[in-house]
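None of the values given here were measured: they were computed from a predicted structure. Values below: all heavy atoms of this structure, side chains included; hydrogens, waters and symmetry mates excluded.
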Amino acid sequence: MEKIKVWDCSDVFVGQYPFHQKLKDELVPILEEYSDQQDRQTNVKATMTEWGWDPRSDNLNRVKECILAEIMTHMDYGYIGQSKPFLEFKDFWGNVYRKGDYTQSHAHRNSWFSVVYFLKTKWYYPSLIFTDSGKRIRLKEGSYVIFSSYLKHYVPKHRFDETRITLSGNVDYKGLTYDDGVR
């Protein structure tokens with residue numbers, strides 16, 4: 001796992017989920033047929049699910065638990081004044097990029113952490129790029145990226161016929177919002 005300090009402006013963690021194939025086998029057929037629920041009215045100019053997408057999947061719940069545990073492993077509890085805070089996904093959604101789709105540069109300012117999970121991709125598909133640093137995340141199926149929500153990021157135009165599918169979400173401390181002035 002690549003690790004950079006949790007509270008630094010370049011906070012980016014990249015990990016690998018060991019049970020990726022089960023998750024991919026279950027979710028890709030569902031997402032390939034999904035209709036765009038956001039009507040391209042967000043920064044993601046691709047097919048998106050609902051914000052609170054929940055296909056009732058044990059495999060998906062396991063990857064979400066893995067990601068929350070990863071955040072807990074690397075965070076500085078003292079920084080927020082709690083000995084062991086409880087984390088939860090504030091929202092969670094799927095993104096299906098077809099030829100010509102992309103994501104505009106944006107940040108998730110009202111959350112603490114954001115996550116991107118690479119469900120279906122090829123190494124040569126458009127990277128996740130952090131706007132200010134120019135850092136590009138190497139694409140690998142089963143990888144997840146955890147970063148501070150205030151980091152601006154984007155995805156260049158997808159130029160391939162095969163779909164690129166990611167899962168995304170925002171994570172908060174239960175009972176403590178980003179706007180509580182802790183940062």
Requested in this report: Give a yes-or-no answer on whether the side chains of Q37 and S35 include a donor-acceptor pair shorter than 3.5 Å.
Outcome: yes
Query - Modelled atom types, side-chain donor and acceptor of Q21 and D25, under 3.5 Å - result: yes
**Report entry** Test ring pair (Phe, Tyr, Trp, His ring centres under 6.0 Å) applied to Y97 - qualifying residues, sequence neighbours left out
**Finding:** none
Query raised in the report: With a 4.0 Å cut-off, would you call K122 and E141 a salt bridge?
Result: no
**Report entry** side chain to side chain contact (heavy atoms under 4.5 Å, CB included) assessment of Y102 paired with Y154
**Finding:** CA-CA 8 Å; Y102 62 97; Y154 68 97; over 6 Å; no
Query raised in the report: In this structure, which one of W51, Y117, W53 forms a ring pair (Phe, Tyr, Trp, His ring centres under 6.0 Å) with W93?
Result: W51
**Report entry** Any side-chain heavy-atom pair of Y144 and F13 under 4.5 Å
**Finding:** no
Query raised in the report: Hey, what's the ring geometry for F130 with H153, parallel, tilted or perpendicular (30° and 60° as the breaks)?
Result: tilted
Requested in this report: Answer with yes or no whether the side chains of S149 and R109 bring together a donor and an acceptor at under 3.5 Å.
Outcome: no
Query raised in the report: Have E70 and Y17 got a donor and an acceptor in their side chains that come within less than 3.5 Å?
Result: no
Query - Parallel, tilted or perpendicular, as decided by the 30° and 60° cut-offs, for the rings of H108 and H106 - result: tilted
Query raised in the report: At their closest point, which heavy atom of N170 faces which heavy atom of S114, and how far apart are they?
Result: OD1-OG, 2.7 Å
